[in-house]
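Side-chain atoms are counted along with the backbone in the values below, which use heavy atoms only and exclude waters and symmetry mates. Chain A is the first sequence line, chain B the second, and so forth, proteins listed ahead of strands; every chain is numbered from 1. The structure displayed is predicted, hence computed values, not measured ones.
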Amino acid sequence: MPKGSYLLRLLLRGVGPLLIPLAALAAQPDLDPDALAILKSTVSSITAAKNFSFHVRVAHDRLATNNQLITYFRTEAVTVSRPNKVRIDTDGEHSDVDFFYDGTKATLFDPQAKLYVSKSAPSTIDGMIEALEKQGVTFPMSDLLQSDPYDSMVKGLQTAYIVGRVDINNKTFVHLVFTEASADWQLWVEPGDKPLPRGMTIIYKTQPGSPRLTMDFTDWNLDAQPAADMFTFVKPDDAHEIGFFPLNKGK
Amino acid sequence: MKVTLTISLAIWLAFSPVQARVRSYSGGTTANRVQVGNRSANANVNRNLNQNTNVNRNVNVNNNVNVNRNVNVHGGYYGGGCCAYHDDYNWGAFAAGAAVGVATTAVVAAATAPRTTTVVAVPAPAIGTVIGALPGGCSAVSAPGTVIYNCSNVYYRPYYQGTSLVYQVVQYP
(Lines give C-alpha, C1' and ligand atoms only; values in the text may rest on other atoms or scores of the structure.)
Protein backbone atom coordinates (compact mmCIF):
# COMPACT_ATOMS: atom_id res chain seq x y z
CA MET A 1 0.00 0.00 0.00
CA PRO A 2 1.49 3.35 -1.04
CA LYS A 3 2.07 5.72 1.78
CA GLY A 4 0.22 8.54 0.05
CA SER A 5 -3.13 6.75 -0.05
CA TYR A 6 -2.85 5.85 3.60
CA LEU A 7 -2.38 9.49 4.49
CA LEU A 8 -5.29 10.45 2.27
CA ARG A 9 -7.56 7.98 4.03
CA LEU A 10 -6.44 9.25 7.38
CA LEU A 11 -7.20 12.78 6.27
CA LEU A 12 -10.67 11.84 4.96
CA ARG A 13 -11.46 10.03 8.16
CA GLY A 14 -10.66 13.19 10.04
CA VAL A 15 -12.58 15.54 7.75
CA GLY A 16 -15.56 13.25 7.06
CA PRO A 17 -17.53 14.07 10.23
CA LEU A 18 -17.07 17.76 9.52
CA LEU A 19 -18.68 17.40 6.10
CA ILE A 20 -22.01 16.24 7.50
CA PRO A 21 -22.94 19.42 9.38
CA LEU A 22 -21.79 21.44 6.40
CA ALA A 23 -24.21 19.54 4.16
CA ALA A 24 -26.98 20.12 6.68
CA LEU A 25 -26.31 23.84 6.62
CA ALA A 26 -26.50 23.88 2.85
CA ALA A 27 -29.96 22.30 2.96
CA GLN A 28 -31.69 24.94 5.08
CA PRO A 29 -35.45 24.61 4.58
CA ASP A 30 -37.12 27.38 2.65
CA LEU A 31 -40.74 27.41 3.73
CA ASP A 32 -43.21 30.07 2.64
CA PRO A 33 -45.39 30.68 5.72
CA ASP A 34 -48.39 31.42 3.48
CA ALA A 35 -48.05 28.03 1.86
CA LEU A 36 -47.94 26.39 5.29
CA ALA A 37 -50.93 28.44 6.44
CA ILE A 38 -53.04 27.29 3.49
CA LEU A 39 -51.97 23.71 4.08
CA LYS A 40 -52.87 23.99 7.74
CA SER A 41 -56.32 25.46 7.14
CA THR A 42 -57.01 22.81 4.51
CA VAL A 43 -56.10 20.03 6.88
CA SER A 44 -58.17 21.72 9.59
CA SER A 45 -61.30 21.63 7.45
CA ILE A 46 -61.07 17.88 7.51
CA THR A 47 -59.86 17.32 11.05
CA ALA A 48 -62.71 19.51 12.31
CA ALA A 49 -65.33 17.33 10.67
CA LYS A 50 -66.71 14.53 12.82
CA ASN A 51 -68.47 12.60 10.09
CA PHE A 52 -67.23 13.09 6.58
CA SER A 53 -67.00 11.31 3.27
CA PHE A 54 -65.29 11.78 -0.06
CA HIS A 55 -64.26 9.97 -3.20
CA VAL A 56 -60.72 9.80 -4.41
CA ARG A 57 -59.49 8.63 -7.78
CA VAL A 58 -56.00 7.30 -7.33
CA ALA A 59 -53.49 6.88 -10.13
CA HIS A 60 -50.24 5.31 -9.07
CA ASP A 61 -47.18 4.21 -10.96
CA ARG A 62 -45.41 0.93 -10.62
CA LEU A 63 -42.07 0.25 -12.14
CA ALA A 64 -42.29 -2.66 -14.52
CA THR A 65 -39.48 -5.07 -15.23
CA ASN A 66 -38.68 -3.23 -18.45
CA ASN A 67 -38.15 -0.07 -16.36
CA GLN A 68 -41.32 1.45 -17.68
CA LEU A 69 -43.67 3.12 -15.25
CA ILE A 70 -47.13 1.62 -15.55
CA THR A 71 -50.05 3.64 -14.22
CA TYR A 72 -52.91 2.01 -12.37
CA PHE A 73 -56.22 3.60 -11.46
CA ARG A 74 -58.63 2.94 -8.70
CA THR A 75 -61.40 4.80 -6.97
CA GLU A 76 -61.99 4.76 -3.28
CA ALA A 77 -65.16 5.78 -1.50
CA VAL A 78 -64.12 6.87 1.97
CA THR A 79 -66.41 7.42 4.96
CA VAL A 80 -65.06 8.43 8.34
CA SER A 81 -66.72 8.87 11.69
CA ARG A 82 -64.30 10.29 14.21
CA PRO A 83 -62.73 9.12 16.36
CA ASN A 84 -62.89 5.44 15.56
CA LYS A 85 -64.78 4.40 12.45
CA VAL A 86 -63.63 4.13 8.82
CA ARG A 87 -65.04 2.49 5.74
CA ILE A 88 -63.19 2.46 2.42
CA ASP A 89 -64.58 0.77 -0.67
CA THR A 90 -61.89 0.36 -3.29
CA ASP A 91 -62.62 -0.40 -6.89
CA GLY A 92 -59.71 -0.69 -9.27
CA GLU A 93 -57.21 -2.81 -11.10
CA HIS A 94 -56.27 -5.71 -8.83
CA SER A 95 -57.66 -3.99 -5.78
CA ASP A 96 -61.38 -4.56 -5.37
CA VAL A 97 -61.40 -4.60 -1.63
CA ASP A 98 -63.59 -3.14 1.09
CA PHE A 99 -62.09 -1.95 4.35
CA PHE A 100 -64.02 -1.86 7.62
CA TYR A 101 -62.91 -0.38 10.91
CA ASP A 102 -65.40 -0.07 13.75
CA GLY A 103 -63.16 0.85 16.66
CA THR A 104 -62.41 -2.73 17.61
CA LYS A 105 -61.66 -4.64 14.44
CA ALA A 106 -60.09 -3.84 11.10
CA THR A 107 -61.15 -6.00 8.17
CA LEU A 108 -60.22 -6.26 4.53
CA PHE A 109 -62.78 -8.05 2.39
CA ASP A 110 -62.65 -8.83 -1.31
CA PRO A 111 -66.27 -9.33 -2.33
CA GLN A 112 -65.30 -11.07 -5.58
CA ALA A 113 -62.92 -13.60 -4.09
CA LYS A 114 -65.01 -13.72 -0.88
CA LEU A 115 -61.87 -13.71 1.21
CA TYR A 116 -61.32 -11.55 4.27
CA VAL A 117 -58.72 -10.86 6.90
CA SER A 118 -59.85 -9.43 10.19
CA LYS A 119 -57.69 -8.30 13.09
CA SER A 120 -58.41 -6.61 16.37
CA ALA A 121 -57.35 -2.98 16.07
CA PRO A 122 -56.52 -0.04 18.36
CA SER A 123 -59.44 2.07 19.50
CA THR A 124 -58.62 5.21 17.50
CA ILE A 125 -58.16 5.90 13.82
CA ASP A 126 -54.62 7.15 14.46
CA GLY A 127 -53.68 3.97 16.30
CA MET A 128 -55.38 1.80 13.71
CA ILE A 129 -53.50 3.44 10.82
CA GLU A 130 -50.22 2.97 12.62
CA ALA A 131 -50.94 -0.66 13.44
CA LEU A 132 -51.97 -1.45 9.87
CA GLU A 133 -48.86 0.18 8.45
CA LYS A 134 -46.79 -2.25 10.46
CA GLN A 135 -48.79 -4.98 8.78
CA GLY A 136 -48.02 -3.51 5.35
CA VAL A 137 -51.51 -2.09 4.86
CA THR A 138 -51.48 1.54 3.81
CA PHE A 139 -53.97 3.93 2.28
CA PRO A 140 -52.60 6.82 0.26
CA MET A 141 -54.98 9.35 1.76
CA SER A 142 -54.55 8.17 5.34
CA ASP A 143 -53.04 11.51 6.39
CA LEU A 144 -56.45 13.05 5.91
CA LEU A 145 -58.08 10.55 8.25
CA GLN A 146 -55.82 11.23 11.21
CA SER A 147 -56.79 13.51 14.05
CA ASP A 148 -53.89 15.94 13.63
CA PRO A 149 -51.77 15.19 10.60
CA TYR A 150 -50.42 18.68 9.99
CA ASP A 151 -47.28 18.33 12.07
CA SER A 152 -46.29 15.07 10.46
CA MET A 153 -47.00 16.48 7.00
CA VAL A 154 -44.66 19.44 7.46
CA LYS A 155 -42.00 17.54 9.34
CA GLY A 156 -38.92 17.24 7.19
CA LEU A 157 -40.09 19.72 4.55
CA GLN A 158 -37.23 21.30 2.65
CA THR A 159 -39.27 23.76 0.63
CA ALA A 160 -42.86 24.97 0.62
CA TYR A 161 -44.09 27.43 -2.01
CA ILE A 162 -47.25 28.80 -3.54
CA VAL A 163 -47.20 28.47 -7.30
CA GLY A 164 -50.31 30.61 -7.64
CA ARG A 165 -53.94 30.41 -8.59
CA VAL A 166 -55.00 28.13 -11.35
CA ASP A 167 -58.35 27.68 -13.08
CA ILE A 168 -59.41 24.11 -13.76
CA ASN A 169 -62.88 23.34 -15.10
CA ASN A 170 -64.14 26.83 -14.28
CA LYS A 171 -63.01 26.59 -10.68
CA THR A 172 -60.12 28.37 -9.06
CA PHE A 173 -57.56 26.47 -7.06
CA VAL A 174 -54.47 27.41 -5.12
CA HIS A 175 -51.48 25.40 -6.21
CA LEU A 176 -48.99 24.52 -3.46
CA VAL A 177 -45.69 22.68 -3.92
CA PHE A 178 -43.56 20.97 -1.31
CA THR A 179 -40.33 19.03 -1.23
CA GLU A 180 -38.88 16.71 1.35
CA ALA A 181 -35.99 14.27 1.30
CA SER A 182 -37.77 11.34 -0.31
CA ALA A 183 -40.70 12.97 -2.10
CA ASP A 184 -41.87 16.02 -3.98
CA TRP A 185 -45.55 16.73 -3.60
CA GLN A 186 -48.11 19.19 -4.81
CA LEU A 187 -51.52 20.13 -3.56
CA TRP A 188 -54.41 21.87 -5.28
CA VAL A 189 -56.70 23.51 -2.77
CA GLU A 190 -60.16 24.87 -3.40
CA PRO A 191 -60.33 28.02 -1.29
CA GLY A 192 -63.30 29.01 0.84
CA ASP A 193 -64.48 29.04 4.44
CA LYS A 194 -63.41 25.45 4.60
CA PRO A 195 -60.66 24.99 2.04
CA LEU A 196 -60.47 21.43 0.73
CA PRO A 197 -57.91 19.43 -1.20
CA ARG A 198 -58.99 18.73 -4.77
CA GLY A 199 -55.82 17.21 -6.06
CA MET A 200 -52.54 15.88 -4.80
CA THR A 201 -49.50 14.54 -6.58
CA ILE A 202 -46.58 12.80 -4.94
CA ILE A 203 -43.36 11.90 -6.73
CA TYR A 204 -41.29 9.35 -4.83
CA LYS A 205 -37.98 10.63 -6.11
CA THR A 206 -35.76 8.18 -4.27
CA GLN A 207 -37.64 5.15 -5.58
CA PRO A 208 -36.45 3.52 -8.80
CA GLY A 209 -38.08 5.30 -11.71
CA SER A 210 -39.44 8.09 -9.49
CA PRO A 211 -42.99 6.79 -9.51
CA ARG A 212 -45.90 9.18 -9.13
CA LEU A 213 -49.08 8.97 -7.11
CA THR A 214 -51.95 11.24 -8.09
CA MET A 215 -55.16 11.67 -6.13
CA ASP A 216 -58.21 13.56 -7.36
CA PHE A 217 -60.68 14.26 -4.60
CA THR A 218 -64.39 14.70 -5.28
CA ASP A 219 -67.69 14.67 -3.44
CA TRP A 220 -66.44 16.10 -0.19
CA ASN A 221 -69.14 15.95 2.44
CA LEU A 222 -68.02 17.36 5.78
CA ASP A 223 -71.39 16.72 7.36
CA ALA A 224 -72.02 13.13 6.37
CA GLN A 225 -74.58 10.92 8.06
CA PRO A 226 -73.20 7.45 7.70
CA ALA A 227 -75.33 4.45 8.53
CA ALA A 228 -74.34 3.13 11.93
CA ASP A 229 -73.71 -0.39 10.68
CA MET A 230 -71.59 0.43 7.65
CA PHE A 231 -68.33 0.24 9.61
CA THR A 232 -68.78 -3.27 10.92
CA PHE A 233 -67.92 -6.21 8.74
CA VAL A 234 -70.56 -8.91 8.68
CA LYS A 235 -69.17 -12.09 7.29
CA PRO A 236 -71.17 -13.50 4.40
CA ASP A 237 -71.88 -17.21 4.74
CA ASP A 238 -69.70 -18.13 1.78
CA ALA A 239 -66.71 -15.98 2.76
CA HIS A 240 -63.47 -17.48 4.02
CA GLU A 241 -61.09 -15.98 6.55
CA ILE A 242 -57.42 -15.90 5.56
CA GLY A 243 -54.30 -14.28 6.97
CA PHE A 244 -51.75 -11.65 6.03
CA PHE A 245 -48.79 -12.72 4.00
CA PRO A 246 -45.84 -13.14 6.38
CA LEU A 247 -43.69 -10.03 6.39
CA ASN A 248 -39.94 -10.13 6.00
CA LYS A 249 -38.36 -10.63 9.37
CA GLY A 250 -35.74 -8.03 8.61
CA LYS A 251 -38.30 -5.28 8.17
CA MET B 1 -68.87 -22.61 -67.20
CA LYS B 2 -67.44 -26.03 -67.51
CA VAL B 3 -64.01 -24.55 -68.07
CA THR B 4 -64.30 -22.44 -64.94
CA LEU B 5 -65.27 -25.44 -62.93
CA THR B 6 -62.33 -27.39 -64.20
CA ILE B 7 -59.98 -24.59 -63.43
CA SER B 8 -61.41 -24.24 -59.95
CA LEU B 9 -60.98 -27.92 -59.41
CA ALA B 10 -57.42 -27.71 -60.65
CA ILE B 11 -56.72 -24.84 -58.32
CA TRP B 12 -58.23 -26.71 -55.44
CA LEU B 13 -56.18 -29.78 -56.22
CA ALA B 14 -53.09 -27.69 -56.56
CA PHE B 15 -53.53 -25.98 -53.24
CA SER B 16 -54.94 -28.65 -51.03
CA PRO B 17 -51.66 -30.50 -50.47
CA VAL B 18 -50.07 -27.26 -49.46
CA GLN B 19 -52.85 -26.62 -47.01
CA ALA B 20 -52.41 -30.04 -45.58
CA ARG B 21 -48.72 -29.45 -45.14
CA VAL B 22 -49.28 -26.19 -43.43
CA ARG B 23 -51.81 -27.75 -41.18
CA SER B 24 -49.58 -30.59 -40.13
CA TYR B 25 -46.74 -28.15 -39.56
CA SER B 26 -48.69 -25.87 -37.28
CA GLY B 27 -50.39 -28.76 -35.56
CA GLY B 28 -47.05 -29.54 -34.41
CA THR B 29 -43.95 -31.46 -34.06
CA THR B 30 -42.62 -31.54 -30.55
CA ALA B 31 -40.31 -28.67 -31.29
CA ASN B 32 -43.21 -26.62 -32.48
CA ARG B 33 -45.16 -27.27 -29.32
CA VAL B 34 -42.29 -26.20 -27.20
CA GLN B 35 -42.23 -22.97 -29.05
CA VAL B 36 -45.89 -22.44 -28.38
CA GLY B 37 -45.20 -23.13 -24.77
CA ASN B 38 -42.55 -20.50 -24.65
CA ARG B 39 -44.75 -17.97 -26.23
CA SER B 40 -47.53 -18.66 -23.85
CA ALA B 41 -45.18 -18.41 -20.98
CA ASN B 42 -43.99 -15.20 -22.44
CA ALA B 43 -47.41 -13.78 -21.77
CA ASN B 44 -46.43 -14.11 -18.15
CA VAL B 45 -44.03 -11.25 -18.61
CA ASN B 46 -46.90 -8.92 -19.13
CA ARG B 47 -48.49 -10.25 -16.00
CA ASN B 48 -45.31 -9.47 -14.16
CA LEU B 49 -45.74 -5.92 -15.19
CA ASN B 50 -49.28 -5.92 -13.97
CA GLN B 51 -48.55 -7.13 -10.51
CA ASN B 52 -45.45 -5.40 -9.31
CA THR B 53 -45.66 -4.64 -5.65
CA ASN B 54 -46.53 -1.23 -4.44
CA VAL B 55 -43.74 1.09 -5.27
CA ASN B 56 -45.11 3.67 -2.91
CA ARG B 57 -44.65 1.38 0.03
CA ASN B 58 -40.90 1.10 -0.37
CA VAL B 59 -41.01 -2.43 -1.61
CA ASN B 60 -37.72 -3.61 -3.01
CA VAL B 61 -38.42 -3.50 -6.69
CA ASN B 62 -34.72 -3.98 -7.26
CA ASN B 63 -34.96 -7.47 -5.86
CA ASN B 64 -37.45 -8.20 -8.51
CA VAL B 65 -35.00 -7.19 -11.16
CA ASN B 66 -32.45 -9.51 -9.65
CA VAL B 67 -34.91 -12.35 -9.73
CA ASN B 68 -35.48 -11.79 -13.38
CA ARG B 69 -31.80 -11.62 -14.15
CA ASN B 70 -31.24 -14.90 -12.46
CA VAL B 71 -33.15 -16.63 -15.16
CA ASN B 72 -31.86 -15.95 -18.58
CA VAL B 73 -33.19 -19.18 -19.95
CA HIS B 74 -33.89 -18.16 -23.48
CA GLY B 75 -31.34 -16.00 -25.16
CA GLY B 76 -32.39 -14.43 -28.43
CA TYR B 77 -36.02 -13.77 -27.82
CA TYR B 78 -37.85 -12.63 -30.88
CA GLY B 79 -39.03 -9.40 -29.33
CA GLY B 80 -42.03 -7.46 -30.55
CA GLY B 81 -44.96 -5.87 -28.81
CA CYS B 82 -44.77 -2.96 -26.48
CA CYS B 83 -43.48 -4.53 -23.32
CA ALA B 84 -42.24 -8.02 -23.82
CA TYR B 85 -38.55 -7.93 -24.42
CA HIS B 86 -37.42 -9.35 -21.11
CA ASP B 87 -35.81 -12.62 -20.34
CA ASP B 88 -38.03 -13.55 -17.45
CA TYR B 89 -41.02 -15.01 -19.14
CA ASN B 90 -41.62 -18.40 -17.73
CA TRP B 91 -42.31 -20.16 -14.51
CA GLY B 92 -38.60 -20.73 -14.16
CA ALA B 93 -38.21 -17.10 -13.22
CA PHE B 94 -40.62 -17.53 -10.35
CA ALA B 95 -38.97 -20.73 -9.24
CA ALA B 96 -35.56 -19.10 -9.25
CA GLY B 97 -36.93 -16.25 -7.20
CA ALA B 98 -38.09 -18.67 -4.56
CA ALA B 99 -34.80 -20.52 -4.67
CA VAL B 100 -32.70 -17.48 -3.87
CA GLY B 101 -34.86 -16.79 -0.88
CA VAL B 102 -36.74 -13.68 -1.87
CA ALA B 103 -40.00 -15.36 -1.19
CA THR B 104 -42.00 -12.36 -0.10
CA THR B 105 -42.57 -9.13 -1.90
CA ALA B 106 -39.83 -9.68 -4.40
CA VAL B 107 -41.48 -12.75 -5.72
CA VAL B 108 -44.85 -11.12 -5.63
CA ALA B 109 -43.40 -8.83 -8.21
CA ALA B 110 -43.31 -11.86 -10.43
CA ALA B 111 -46.98 -12.39 -9.91
CA THR B 112 -49.54 -13.00 -12.56
CA ALA B 113 -52.90 -11.65 -13.48
CA PRO B 114 -55.74 -13.88 -14.66
CA ARG B 115 -54.77 -15.92 -17.63
CA THR B 116 -56.11 -14.59 -20.84
CA THR B 117 -54.06 -16.72 -23.16
CA THR B 118 -54.02 -20.44 -23.60
CA VAL B 119 -51.03 -21.75 -21.78
CA VAL B 120 -49.52 -24.82 -23.36
CA ALA B 121 -46.88 -26.98 -21.75
CA VAL B 122 -45.83 -24.51 -19.09
CA PRO B 123 -44.20 -26.31 -16.17
CA ALA B 124 -45.98 -26.07 -12.85
CA PRO B 125 -44.86 -23.25 -10.56
CA ALA B 126 -42.53 -24.15 -7.73
CA ILE B 127 -43.63 -24.37 -4.12
CA GLY B 128 -43.36 -20.94 -2.56
CA THR B 129 -44.13 -19.06 -5.75
CA VAL B 130 -46.42 -16.12 -5.16
CA ILE B 131 -48.78 -14.84 -7.81
CA GLY B 132 -51.33 -12.06 -7.90
CA ALA B 133 -54.28 -13.98 -9.26
CA LEU B 134 -55.32 -17.57 -9.60
CA PRO B 135 -55.28 -19.35 -12.93
CA GLY B 136 -58.62 -20.54 -14.16
CA GLY B 137 -60.40 -23.71 -13.19
CA CYS B 138 -59.66 -23.74 -9.48
CA SER B 139 -61.74 -25.32 -6.78
CA ALA B 140 -61.68 -24.35 -3.13
CA VAL B 141 -60.56 -26.90 -0.59
CA SER B 142 -61.30 -26.22 3.05
CA ALA B 143 -58.27 -26.21 5.32
CA PRO B 144 -57.77 -25.17 8.93
CA GLY B 145 -57.52 -21.40 9.30
CA THR B 146 -57.63 -20.68 5.60
CA VAL B 147 -58.84 -21.95 2.28
CA ILE B 148 -56.69 -23.70 -0.31
CA TYR B 149 -57.34 -23.61 -4.03
CA ASN B 150 -56.70 -26.60 -6.20
CA CYS B 151 -55.88 -25.42 -9.69
CA SER B 152 -55.10 -28.46 -11.83
CA ASN B 153 -53.39 -30.09 -8.86
CA VAL B 154 -51.29 -27.05 -8.07
CA TYR B 155 -52.36 -25.81 -4.65
CA TYR B 156 -52.51 -22.15 -3.75
CA ARG B 157 -52.97 -20.50 -0.37
CA PRO B 158 -54.42 -16.97 -0.44
CA TYR B 159 -53.11 -14.13 1.69
CA TYR B 160 -53.64 -10.42 1.96
CA GLN B 161 -50.48 -8.53 1.22
CA GLY B 162 -51.22 -4.92 1.98
CA THR B 163 -54.67 -4.42 0.56
CA SER B 164 -54.12 -6.91 -2.27
CA LEU B 165 -54.74 -10.61 -2.47
CA VAL B 166 -51.82 -12.85 -3.36
CA TYR B 167 -51.67 -16.60 -3.79
CA GLN B 168 -48.75 -18.77 -2.80
CA VAL B 169 -48.09 -22.22 -4.18
CA VAL B 170 -48.06 -24.67 -1.29
CA GLN B 171 -47.50 -28.33 -0.66
CA TYR B 172 -50.89 -29.94 -0.14
CA PRO B 173 -52.29 -31.81 1.59
Side-chain angles (χ1 to χ4, degrees), chain A residues 58 60-70 72 74 76 88 90 92-99 107-110 112-117 119 132-133 135-140 182-183 202 204 206-213 238-251, chain B residues 45-65 67-69 82-89 93 101-111 113-114 130 132-134 140 142-143 145-149 157-168:
Chain A
V58 183
H60 71 286
D61 290 340
R62 288 171 173 176
L63 190 65
T65 50
N66 66 347
N67 289 321
Q68 178 186 14
L69 288 174
I70 310 269
Y72 291 83
R74 65 181 188 271
E76 303 191 345
I88 302 172
T90 299
E93 296 172 79
H94 305 294
S95 54
D96 292 335
V97 68
D98 297 341
F99 173 74
T107 304
L108 288 163
F109 174 58
D110 185 324
Q112 306 288 316
K114 300 186 192 305
L115 298 174
Y116 70 95
V117 60
K119 300 285 179 194
L132 283 184
E133 275 177 8
Q135 198 60 252
V137 180
T138 56
F139 297 100
S182 62
I202 306 167
Y204 298 92
T206 57
Q207 291 290 318
S210 298
R212 180 186 291 250
L213 176 83
D238 54 354
H240 293 283
E241 181 169 17
I242 61 171
F244 280 112
F245 194 82
L247 293 170
N248 257 349
K249 279 174 189 166
K251 280 184 181 172
Chain B
V45 172
N46 297 330
R47 296 181 214 147
N48 288 349
L49 305 186
N50 291 339
Q51 279 293 334
N52 267 325
T53 46
N54 286 342
V55 174
N56 47 12
R57 282 193 294 106
N58 297 331
V59 172
N60 283 333
V61 179
N62 283 332
N63 281 352
N64 176 33
V65 175
V67 171
N68 296 336
R69 280 188 193 147
C82 86
C83 315
Y85 71 85
H86 267 258
D87 51 11
D88 60 341
Y89 47 86
V102 269
T104 55
T105 48
V107 179
V108 177
V130 180
L134 289 175
S142 66
T146 185
V147 61
I148 302 282
Y149 294 101
R157 178 171 179 175
Y159 293 97
Y160 274 95
Q161 186 178 61
T163 57
S164 301
L165 282 171
V166 296
Y167 301 86
Q168 186 173 37

Q: Which of these passes side-chain contact (heavy atoms from CB on, under 4.5 Å) with B/Thr163: A/Asp98, A/Thr90, A/Thr138, A/Val137?
A: A/Val137
Q: Among B/Ile148, B/Val147, B/Thr146, find the one that has a side-chain contact (heavy atoms from CB on, under 4.5 Å) with A/His240.
A: B/Val147
Q: Write down the atom of A/Pro246, the atom of B/Tyr159, and the distance for their closest heavy-atom approach.
A: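 That closest heavy-atom pairing would be CD-CE2, 4.1 Å.
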Q: Can you confirm whether A/Leu115 sits close enough to B/Leu165 that some side-chain heavy atom of one is under 4.5 Å from a side-chain heavy atom of the other?
A: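 They are in side-chain contact.
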Q: Identify, with sequence neighbours excluded, every residue that meets ring pair (Phe, Tyr, Trp, His ring centres under 6.0 Å) alongside B/Tyr160.
A: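 Once residues adjacent in sequence are excluded, B/Tyr160 has no partner under the ring pair (Phe, Tyr, Trp, His ring centres under 6.0 Å) criterion.
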Q: Using non-hydrogen atoms and a 4.5 Å limit, figure out which bit of A/Phe99 sits close to chain B: side chain, backbone, both or neither.
A: neither
Q: Taking all heavy atoms of B/Gly162 and all of A/Phe244, pick out the closest pair and write down the distance.
A: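 Looks like O-CE2, 4.0 Å.
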Q: Mind checking salt bridge (Lys or Arg N to Asp or Glu O under 4.0 Å) for A/Lys119 and listing every partner two or more places apart, or none if nothing turns up?
A: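 For A/Lys119 there are no salt bridge (Lys or Arg N to Asp or Glu O under 4.0 Å) partners, ignoring immediate neighbours.
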